[in-house]
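Everything quoted here is computed from the prediction, not taken from an experiment.
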Amino acid sequence: MKRLRADFGDRHAAVGAVRSVIARGVPPEAIELYSRRPIEPYPSLLRRKSRMSLVAVLSAAVVGGTATTLVYRAQMDYPLVTGGMPINSGWATGVVTFETTMAGAVLGIVAALLWEGRLLRRRKPPAPPVPSGGAVIEVSGLDDTNALREVLLQAGAKSVARAD
């Protein structure tokens, strides 16, 4: 499997190149578009599914539920003389549940951000050097790069090189 990297001086020319590459049959999952600034008019060009919200909710439920269970078990296993008040205090348990649920959500978001941003997966550097005002396109999983090299050069790439 080969990877091509194309440098563009203009971000909008890079968007046109991405459209040309997709029209040639390359799946959008194999294309990465890097720019120093967001390319505003084209947010859905390379749509990626994010699982951050799901990870946040699941980690919040797991961490908050585990902490609540541990607090409840500690209150039941070590009963104190409370002078007629209930052994299980809803207010104390509620505070612990809220705080640990929020901490679980934050930790889940941080883990998802590191995973989706490819900072934990070191198969390749997270981002190539991007020229100011320009963009870089990386296309991976190629068998034949000659035709795609021509498409990228015709779309306005300054240079096209293998990125292996």
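Going from atom CG of L152 over to atom CG of L148 covers 4.5 Å, rounded to the nearest 0.5 Å. With rounding to the nearest 0.5 angstrom, the CD atom of E29 is 9.0 Å from the CD1 atom of I31.
If you run side-chain contact (heavy atoms from CB on, under 4.5 Å) between T93 and each of T97, V96, V95, only T97 comes through. When each of L113, L107, L114 is paired with V110, the side-chain contact (heavy atoms from CB on, under 4.5 Å) condition holds for L114 and for no other.
The minimum heavy-atom distance between R11 and G134, with the atom names listed, is CG-O, 3.3 Å. V151 and R24 get closest at one heavy-atom pair: CG2-NE, 3.1 Å. Between Y34 and V130, the shortest heavy-atom contact is CB-CG2, 3.8 Å. Between T100 and G64, the closest heavy-atom pair is OG1-CA, 3.8 Å. Taking each heavy atom of A135 and S35 in turn, the nearest pair found is CB-CB, 4.4 Å. Annotation for A17 and F8: closest pair CB-CZ, 3.3 Å, computed over non-hydrogen atoms.
Both V139 and L153 are part of a single hydrophobic cluster, where members link through side-chain heavy atoms under 4.5 Å apart. At a threshold of 4.5 Å between side-chain heavy atoms, the hydrophobic network of Ile, Leu, Val, Met, Phe, Trp and Tyr places V26 and I22 in one connected group. Clustering ILVMFWY residues whenever any of their side-chain heavy atoms sit less than 4.5 angstrom apart, transitively, puts V55 in a cluster other than the one holding V63.
Counting only residues at least two apart or on different chains, the side-chain hydrogen bond (donor to acceptor under 3.5 Å, both in side chains) pairs with a member in residues 146-161 are D7-S159.
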Subject >> Pair R5-I137, side chain to side chain contact (heavy atoms under 4.5 Å, CB included): steps then yes or no >> reply: CA-CA 6 Å; R5 177 180 296 150; I137 295 176; over 6 Å; no

